[in-house]
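Okay, structure first, notes after.
The sequence lines fix the lettering, A, B, ..., with proteins before strands; numbering per chain opens at 1.
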2 protein chains.
Amino acid sequence: MYANEFDATMQMIRGKWKIRLLYKLNANSHSRFNTLQHELNPITHKILAEQMNQLIDDGLVERHDFHEQPLHVEYNLTKKGQSLIPVVDVICDWGLANVDISELKETLCD
Amino acid sequence: MYANEFDATMQMIRGKWKIRLLYKLNANSHSRFNTLQHELNPITHKILAEQMNQLIDDGLVERHDFHEQPLHVEYNLTKKGQSLIPVVDVICDWGLANVDISELKETLCD
DNA sequence: CTGTATCCTGATAGATACTG
DNA sequence: CAGTATCTATCAGGATACAG
């Protein structure tokens with residue numbers, strides 16, 4: 001149960017690494033766990049799994065297990081997850097327009 | 001120093017009551033402290049002051065002290081604060097379109 | 001009426017170790 | 001390669017009291 005529609009959306013994107021995760025998954029489909037962990041350095045193994053599970057629970061990401069040895073699992077955005085990207089873009093655009101770049105460690109949207 | 005432009009924007013709107021505050025201030029200019037506290041029931045006195053100060057520090061809200069007795073202070077959105085409203089609307093719209101209404105205690109946008 | 005200070009609690013994230 | 005479990009650190013939110 002969420003307080004309202006804004007809160008519901010915020011819950012899904014709030015995590016410290018979730019937006020970078022969503023952008024990575026949007027840019028590269030069929031992403032794998034280890035690849036993502038290296039790309040999102042210095043994210044912790046446990047935190048990546050945790051935030052990924054939340055994205056899956058929220059229906060933004062789907063997990064595909066190939067049942068191979070060695071283990072092979074891929075992650076992709078769902079339609080719902082894809083529909084969230086433009087929303088995130090709007091937030092980023094406002095940030096770029098209203099925050100001093102020197103206050104940012106890095107930029108997400110180029 | 002923010003991690004990136006998304007994080008910078010999120011920091012400004014993340015607070016539990018900030019969006020309701022922004023919407024109230026957008027709907028009613030010249031809002032006063034006690035009025036807002038009653039409208040945002042059951043927000044705590046301290047929390048309202050805290051979140052309001054953050055909005056002021058971030059340049060989204062301006063404080064106008066009339067230097068009267070009894071005390072008279074009014075709050076308004078700045079231009080920057082007004083420019084954030086459409087961004088918040090986008091987030092709410094996505095929420096309304098993608099979250100089951102029965103999962104929401106209330107809706108912000110009617 | 002409009003604030004600030006203290007103390008407490010729950011959620012989030014990180015370090016680290018363990019599992020199939 | 002892809003996870004889970006435990007423990008700890010930090011911080012946002014809230015209850016309450018005090019102040020100009």
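Nearest-nucleotide positions on DNA chain C for B:A49 and A:G15 put B:A49 closer to the 5' end.
If you check C:dC1, D:dT16, C:dA13 against the side chain of B:T44, the one that comes closest is D:dT16. The listed nucleotides are D:dC1, D:dG13, C:dA13; the one nearest the side chain of A:N34 is D:dC1. The side chain of A:K46 has D:dA5 as its nearest neighbour among C:dT2, D:dA5, D:dA2.
For the pair B:L48 CG and D:dG13 P, the interatomic distance rounds to 12 Å; values are reported in whole Å. Counting to the nearest Å, the C1' atom of D:dT6 and the CD atom of A:E50 are 12 Å from each other. With rounding to whole Å, B:H45 atom NE2 is found 15 Å from C:dT6 atom C1'. Put simply, CG on A:L71 is 11 Å from C1' on C:dT19, counting in whole angstrom units. Here the C1' atom of nucleotide D:dG20 and the CD atom of B:Q69 are 9 Å apart, to the nearest Å. Whole-Å rounding puts the A:H67 NE2 to C:dG20 C1' distance at 13 Å. Between B:R63 atom CZ and C:dT4 atom C1' there is a gap of 12 Å when expressed in whole angstrom units. Remark: C1' of C:dA13 and CG of A:N41 are 16 Å apart, rounded to the nearest angstrom.
Within the 4.5 Å cutoff, no side-chain heavy atoms of B:Q11 are placed close to those of B:T9. In this structure the side chain of A:L77 never reaches within 4.5 angstrom of the side chain of A:L55, judged on heavy atoms.
No hydrogens or angles considered: a donor-acceptor pair under 3.5 Å links the side chains of A:D89 and A:Y23. The closest side-chain donor-acceptor pair between B:H64 and B:E74, if any, does not fall under 3.5 angstrom.
Considering only side-chain N and O atoms, A:Q37 lies nowhere under 4.0 angstrom from the phosphate OP1 or OP2 of D:dC1. Taking side-chain N and O atoms only, B:W17 has no distance below 4.0 Å to OP1 or OP2 of D:dA12. The side chain of B:Q51 contributes an N or O atom lying less than 4.0 Å from OP1 or OP2 of D:dG13. Between B:R32 and C:dC1 there is no side-chain N or O to OP1 or OP2 distance below 4.0 Å. Of the side-chain N and O atoms in A:K16, one or more sit less than 4.0 angstrom from OP1 or OP2 of C:dG14.
Between the B:D58 side chain and the B:L60 main chain, no donor and acceptor come within less than 3.5 Å of each other.
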